[in-house]
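Hydrogens, waters and symmetry mates play no part in the numbers below; they use all other heavy atoms, side chains included.
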Amino acid sequence: MTHRDIALLLADAADGVEVGIAPTQAVVRGGRRRRARRWAVAAAAALAIVGATGTVALAGLPGGGGQVEPSAPRPSATPGTPRYEPHRTDLAGGTENGKDWAVTVDVWDAPRDREEAEAELTAMGQYRGEWPASLETAADLLGKRTYFVHLSYGDDDSVVIENSLPERDAEAGTDRDVSAVQLAPGTGAQRLVVGRVAKDAREVTCAWKDGSSTVLRRVSGQRTNGEPVQGIRSAEGSPDGWFVCLAPKGTVYKGVEVTGPAR
């Protein structure tokens with residue numbers, strides 16, 4: 001049956017009303033226009049997604065076979081990327097003679113190659129002007145963890161202890177590494193004691209020259225009135241336990257013993 005035959009039948013059915021040739025091509029063209037509009041809408045949506053996410057899957061566009069989906073965002077940093085900044089831990093603090101004092105430790109991770117060592121050394125200087133005293137070249141940092149102990153007293157802030165140690169080195173048993181320093185600059189009295197002990201040490205006794213002593217036990221980072229509780233605590237980035245003892249006024253440091261290793 002031709003288009004003309006269809007037209008005649010429609011005319012009879014409409015009681016003599018003449019109907020032209022069935023608009024087959026017009027219908028096809030209309031369908032194409034509607035599909036083109038749908039594709040244009042899809043493309044506009046894709047561009048909106050690109051603006052929000054930076055990328056888009058093209059499966060839903062003409063020639064694709066799926067839905068439009070944003071790709072997963074890229075991670076901000078590759079796992080294992082060096083920090084180039086230290087781990088900082090508050091060790092102790094208080095007030096004496098109307099001045100606030102605080103002890104903190106900065107622990108820098110061990111660089112893995114010369115490039116990382118040079119970048120870390122630069123970061124140390126930019127961070128707080130830190131520089132290992134025993135350092136000759138950046139390569140000396142390779143495989144070593146570096147730490148700086150800062151003491152602030154009023155407006156004064158200084159590095160009182162620094163060292164670079166092999167990454168695997170750690171205190172064990174009743175071992176300890178202790179340094180006594182003055183609390184107030186210019187006094188010469190070594191009343192402040194900073195030390196490292198085995199991470200599982202449970203008790204440390206600081207002895208003073210007047211015969212008294214101070215016993216410190218393991219704490220888990222609690223604070224009292226905004227200041228760290230005095231005791232043995234972990235320092236982020238370090239395999240050791242850290243402690244700070246302050247001698248009473250009128251006396252100074254005599255010695256330290258680990259009196260409670262792990263049971």
Side-chain angles (χ1 to χ4, degrees), residues 79-93 102-152 157-182 190 192-206 216 218-221 228 230-246 253 255-262:
T81 300
R83 288 167 49 92
Y84 299 141
E85 62 182 20
H87 306 277
R88 164 158 285 202
T89 301
D90 297 330
L91 297 179
V103 179
T104 59
V105 59
D106 292 336
V107 181
W108 294 79
D109 294 331
R112 299 168 296 184
D113 54 40
R114 186 180 295 272
E115 182 179 356
E116 289 185 8
E118 291 174 350
E120 184 171 272
L121 186 60
T122 299
M124 285 179 181
Q126 294 174 343
Y127 178 67
R128 295 180 74 179
E130 297 177 339
W131 187 279
S134 59
L135 189 73
E136 293 186 3
T137 67
D140 293 337
L141 291 176
L142 290 176
K144 293 181 179 179
R145 180 185 295 105
T146 303
Y147 63 83
F148 298 87
V149 177
H150 285 258
L151 168 62
S152 65
D157 186 286
S158 59
V159 175
V160 292
I161 305 169
E162 63 87 16
N163 204 354
S164 294
L165 299 172
E167 188 174 14
R168 297 182 180 276
D169 273 18
E171 302 298 318
T174 57
D175 292 346
R176 71 268 188 202
D177 182 26
V178 179
S179 297
V181 299
Q182 58 185 10
Q190 295 183 326
L192 193 68
V193 180
V194 182
R196 295 182 297 113
V197 293
K199 199 148 191 172
D200 55 4
R202 309 305 300 173
E203 184 180 281
V204 168
T205 299
C206 299
L216 302 181
R218 187 78 188 181
V219 297
S220 56
Q230 196 170 212
I232 308 168
R233 59 175 25 85
S234 299
E236 187 177 359
S238 171
D240 300 316
W242 290 74
F243 69 91
V244 175
C245 282
L246 179 62
Y253 167 74
V256 169
E257 295 291 337
V258 176
T259 49

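- With sequence neighbours excluded, the residues that form a side chain to side chain contact (heavy atoms under 4.5 Å, CB included) with Pro86 are Asp106, Trp108, Tyr127.
- The shortest distance between side-chain heavy atoms of Pro239 and Arg145 falls below 4.5 Å.
- Partners of Ala102 according to the side chain to side chain contact (heavy atoms under 4.5 Å, CB included) rule, which considers only residues two or more places apart in sequence or in another chain, are Ser152.
- With a 4.5 Å cut-off on side-chain heavy atoms, Thr259 and Val204 do not count as touching.
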Assess whether side-chain contact (heavy atoms from CB on, under 4.5 Å) is satisfied between Thr104 and Phe148, documenting all intermediate values.
CA-CA 8 Å; Thr104 59; Phe148 298 87; over 6 Å; no
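- Rounding to the nearest 0.5 Å gives a distance of 11.5 Å between CH2 of Trp131 and OG1 of Thr146.
- Considering only residues two or more places apart in sequence or on other chains, Asp140 meets the salt bridge (charged side-chain N to carboxylate O under 4.0 Å, His left out) condition with none of them.
- Partners of Ala235 by side chain to side chain contact (heavy atoms under 4.5 Å, CB included), not counting sequence neighbours, listed by chain and number: Thr89, Val105, Ser238, Trp242.
- Residues meeting the side chain to side chain donor-acceptor pair (under 3.5 Å) test with Thr122, sequence neighbours left out: none.
- With hydrogens and angles disregarded, no donor-acceptor distance shorter than 3.5 Å links the side chain of Glu120 to the backbone of Glu116.
- Pairing each heavy atom of Gln230 with each of Cys245, the nearest pair is OE1-CA, 3.8 Å.
- Exactly one of Val193, Leu151, Leu192, Asp90 qualifies for a side chain to side chain contact (heavy atoms under 4.5 Å, CB included) with Val244. That residue is Leu192.
- Applying the ring-ring contact (aromatic ring centres under 6.0 Å, His included) rule to pairs touching residues 158-182 yields nothing, sequence neighbours excluded.
- Put simply, NZ on Lys144 and CG on Asn163 are 9.0 Å apart, with the number rounded to the nearest 0.5 Å.
- Between Pro261 and Asp200 the shortest side-chain heavy-atom distance does not fall below 4.5 Å.
- Phe243 has its side chain within reach of Val256: a pair of non-hydrogen atoms, C-beta onward, lies under 4.5 Å apart.
- In this structure, the separation between CE on Met124 and CD on Glu162 is 9.5 Å, given to the nearest 0.5 Å.
- Applying the side chain to side chain contact (heavy atoms under 4.5 Å, CB included) criterion to Ser234, with sequence neighbours excluded, gives Lys199, Arg218.
- Taken to the nearest 0.5 Å, the CG atom of Leu142 stands 11.0 Å off from the OG atom of Ser164.
- Between His150 and Val160 the shortest side-chain heavy-atom distance does not fall below 4.5 Å.
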Should Leu135 and Leu121 be marked as a side-chain contact (heavy atoms from CB on, under 4.5 Å) after you check the CA-CA gap, both sets of side-chain angles, and the distance that decides it?
CA-CA 10 Å; Leu135 189 73; Leu121 186 60; 3.2 Å; yes
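- In terms of the side chain to side chain donor-acceptor pair (under 3.5 Å) criterion, Glu85 has no residue partners (sequence neighbours excluded).
- With sequence neighbours excluded, no residue satisfies salt bridge (charged side-chain N to carboxylate O under 4.0 Å, His left out) with Glu236.
- The shortest non-hydrogen separation linking Ala117 to Leu141 is O-CD1, 3.9 Å.
- Under the salt bridge (charged side-chain N to carboxylate O under 4.0 Å, His left out) criterion, the residue pairs touching residues 170-179 are Glu171-Arg196, Arg176-Glu257, Asp177-Arg196, with sequence neighbours excluded.
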